[in-house]
Peer 1: 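The structure follows.
Order of the sequence lines sets the chain letters (A, B, ...), proteins ahead of strands, with each chain counted from 1.
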Amino acid sequence: MNKRSTFVERILNWHRNNRRNFPWRETSDPFAKLIAEILLQKTPAERVLPVFIKLNSKFPTPHELSKAGLSEVEDLVGALGLKKRAIYLLKSAKTIVDKFNGKVPDNLNDLLKLPGVGLYTASAVLCFAFNRDLPIVDSNIARILTRVFALNISSKRPQLDKSLWEFAAKLIPKGMGPRFNEALIDFAALICKSKPRCFKCPLLDICEYALKTKKQKNPIKNNEK
DNA sequence: TTCCAGATCC
DNA sequence: GGATCCGGAA
């Protein structure tokens, strides 16, 4: 079995016992998932949680959110920082109502027309809301892949590197895009963090980063807690 | 102080 | 490619 297959299998296996539960993962509503993805941009999921619940219960549909006042949306999401997202959320809801018949677009081209929606968010919506086997590469997933496979990405932001998206695409087991991508996100959040928790990582024997660290006699710090 | 499920404008 | 947006937790 090659390394990539081993990686995929172990990530999926790890995820069976370590999946995080969030309300945006329970619903199949594309609009709820879109809202969640926008709130999750550069924002820890634990902090998004209460805001998402309030926003989604108060404005569950594009039509209802499109009629909200900006200050009202700002009050709800402002605590998360990156306040322009309040404007983006409102404009996106309006765009969905005006141009897409009140339904979240199910194609990349139209999703990218929504303000505040870039390649990552659009791909995440297609994957998680419309069950598409598309890669999603954020800074966290980029961190996992570059560490484990010792990928040398010159870009200061590997998550924007096209070759990394292609690499991620090849890893996805057919028909398992949502599960695999969710597993990567959780693995990055719980194990392969910026300060990695290598002591509880199931990839130690195949991870180039861990192997290199070991070779340097530079014991991996456990950073417990 | 750094870091965080990015996007936008320059 | 770089700067900026952003508050709050570690």
Side-chain angles (χ1 to χ4, degrees), chain A residues 11 15 18-27 30 32-56 70-71 73-93 95 108-129 132 134-147 153-165 168 172 177-197 221-225:
Chain A
I11 288 287
H15 197 236
N18 296 279
R19 183 178 183 273
R20 295 182 298 168
N21 281 314
F22 294 112
W24 52 86
R25 290 179 168 184
E26 315 277 325
T27 179
K33 294 197 182 275
L34 170 64
I35 296 306
E37 289 302 335
I38 292 176
L39 295 179
L40 285 163
Q41 290 165 2
K42 292 294 281 183
T43 313
E46 292 74 14
R47 286 182 51 209
V48 168
L49 181 55
V51 173
F52 170 83
I53 292 173
K54 286 181 200 166
L55 190 63
N56 188 53
L70 176 58
S71 62
V73 180
E74 281 176 335
D75 288 344
L76 284 173
V77 310
L80 297 177
L82 301 176
K83 288 180 178 172
K84 276 193 173 177
R85 288 186 293 184
I87 298 175
Y88 295 151
L89 285 165
L90 206 45
K91 281 189 179 176
S92 283
T95 304
L108 194 61
N109 191 45
D110 286 341
L111 278 168
L112 291 174
K113 291 176 183 170
L114 303 177
V117 175
L119 181 58
Y120 175 86
T121 303
S123 301
V125 169
L126 286 175
C127 175
F128 296 126
R132 297 268 304 276
L134 289 173
I136 55 171
V137 181
D138 65 351
S139 59
N140 301 301
I141 292 179
R143 186 175 59 241
I144 298 177
L145 299 181
T146 54
R147 277 181 179 163
I153 308 293
S154 57
S155 168
K156 194 183 176 190
R157 290 186 207 162
Q159 66 268 36
L160 300 181
D161 188 277
K162 191 180 174 187
S163 67
L164 197 50
W165 282 73
I172 300 175
R179 274 180 57 188
F180 181 61
N181 285 330
E182 195 177 277
L184 286 176
I185 290 169
D186 287 343
F187 191 75
L190 300 176
I191 306 292
C192 202
K193 309 168 78 151
S194 184
K195 285 188 176 181
R197 307 306 202 251
K221 293 175 187 169
N222 285 358
N223 298 312
E224 60 275 285
K225 148 96 189 13

Peer 1: From the options C:dC6, B:dC4, C:dA3, select the nucleotide whose nearest atom is closest to the side chain of A:Leu82.
Peer 2: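 Selected nucleotide: C:dC6.
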Peer 1: Taking the nucleotide of DNA chain B with the nearest heavy atom to each, does A:Leu114 or A:Phe128 sit closer to the 5' end?
Peer 2: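 Checking each residue's closest nucleotide, the 5'-ward one belongs to A:Phe128.
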Peer 1: Quick check: do A:Leu89 and A:Leu55 have side-chain heavy atoms less than 4.5 Å from each other?
Peer 2: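 In short, these two side chains touch, coming nearer than 4.5 Å.
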Peer 1: A:Lys42 near the nucleic acid: base, sugar-phosphate alone, or nothing, with a heavy-atom cut-off under 4.0 Å?
Peer 2: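 Here A:Lys42 touches the bases of the nucleic acid.
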Peer 1: Mind checking whether A:Arg179 and A:Arg19 have side chains closer than 4.5 Å, heavy atoms only?
Peer 2: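 They are not in side-chain contact.
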Peer 1: Between B:dT2 and A:Ser194, is there an OP1 or OP2 to side-chain N/O distance shorter than 4.0 Å?
Peer 2: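 Negative; the distance criterion is not met.
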Peer 1: Answer whether the closest heavy-atom distance between the side chains of A:Phe22 and A:Val48 falls below 4.5 Å.
Peer 2: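 No, side chains not in contact.
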Peer 1: Is it the case that more than 12 heavy atoms not belonging to A:Arg143 sit under 6.0 Å from its CZ atom?
Peer 2: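 For A:Arg143, atom CZ is crowded (more than 12 foreign heavy atoms under 6.0 Å).
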Peer 1: Ignoring the backbone of A:Ala79, work out which of B:dG6, C:dG8, C:dG2 is nearest its side chain.
Peer 2: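 Closest nucleotide among those given: C:dG8.
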Peer 1: Any side-chain N or O of A:Ser139 less than 4.0 Å from the OP1 or OP2 oxygen of B:dG6?
Peer 2: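 Yes, A:Ser139 has a side-chain N/O under 4.0 Å of OP1/OP2 on B:dG6.
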Peer 1: From B:dC4, B:dG6, C:dG7, pick the nucleotide closest to the side chain of A:Lys83?
Peer 2: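 When the side chain of A:Lys83 is considered, C:dG7 is the closest of B:dC4, B:dG6, C:dG7.
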Peer 1: Using the side-chain heavy atoms of A:Lys84, tell me which of these nucleotides is nearest: C:dA9, C:dC6, C:dG2.
Peer 2: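 The closest nucleotide is C:dC6.
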Peer 1: Using a 4.0 Å heavy-atom cut-off, does A:Arg85 contact any base of the nucleic acid, only the sugar-phosphate backbone, or nothing at all?
Peer 2: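 Here A:Arg85 touches no strand at all.
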Peer 1: Base, sugar-phosphate alone, or nothing: which one does A:Val48 contact when heavy atoms must sit under 4.0 Å apart?
Peer 2: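 No contact at all - A:Val48 keeps every heavy atom at 4.0 Å or more from the nucleic acid.
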Peer 1: Both A:Tyr88 and A:Arg20 contact DNA chain B. Which one's nearest nucleotide lies toward the 5' end?
Peer 2: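 Nearest nucleotide further toward 5': that of A:Arg20.
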Peer 1: Is there a side-chain contact between A:Ser155 and the phosphate of C:dG1, meaning an N or O under 4.0 Å from OP1 or OP2?
Peer 2: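 So the side chain of A:Ser155 is outside the cut-off, no N or O lying under 4.0 Å from OP1 or OP2 of C:dG1.
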Peer 1: Are A:Arg157 and B:dC4 close enough that a side-chain N or O sits under 4.0 Å from OP1 or OP2?
Peer 2: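 Answer no for this pair, as no side-chain N or O of A:Arg157 is under 4.0 Å from OP1 or OP2.
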Peer 1: Applying a 4.0 Å non-hydrogen cut-off, can you work out what A:Arg25 is touching in the nucleic acid: base, sugar-phosphate, or nothing?
Peer 2: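 The residue A:Arg25 makes base contact.
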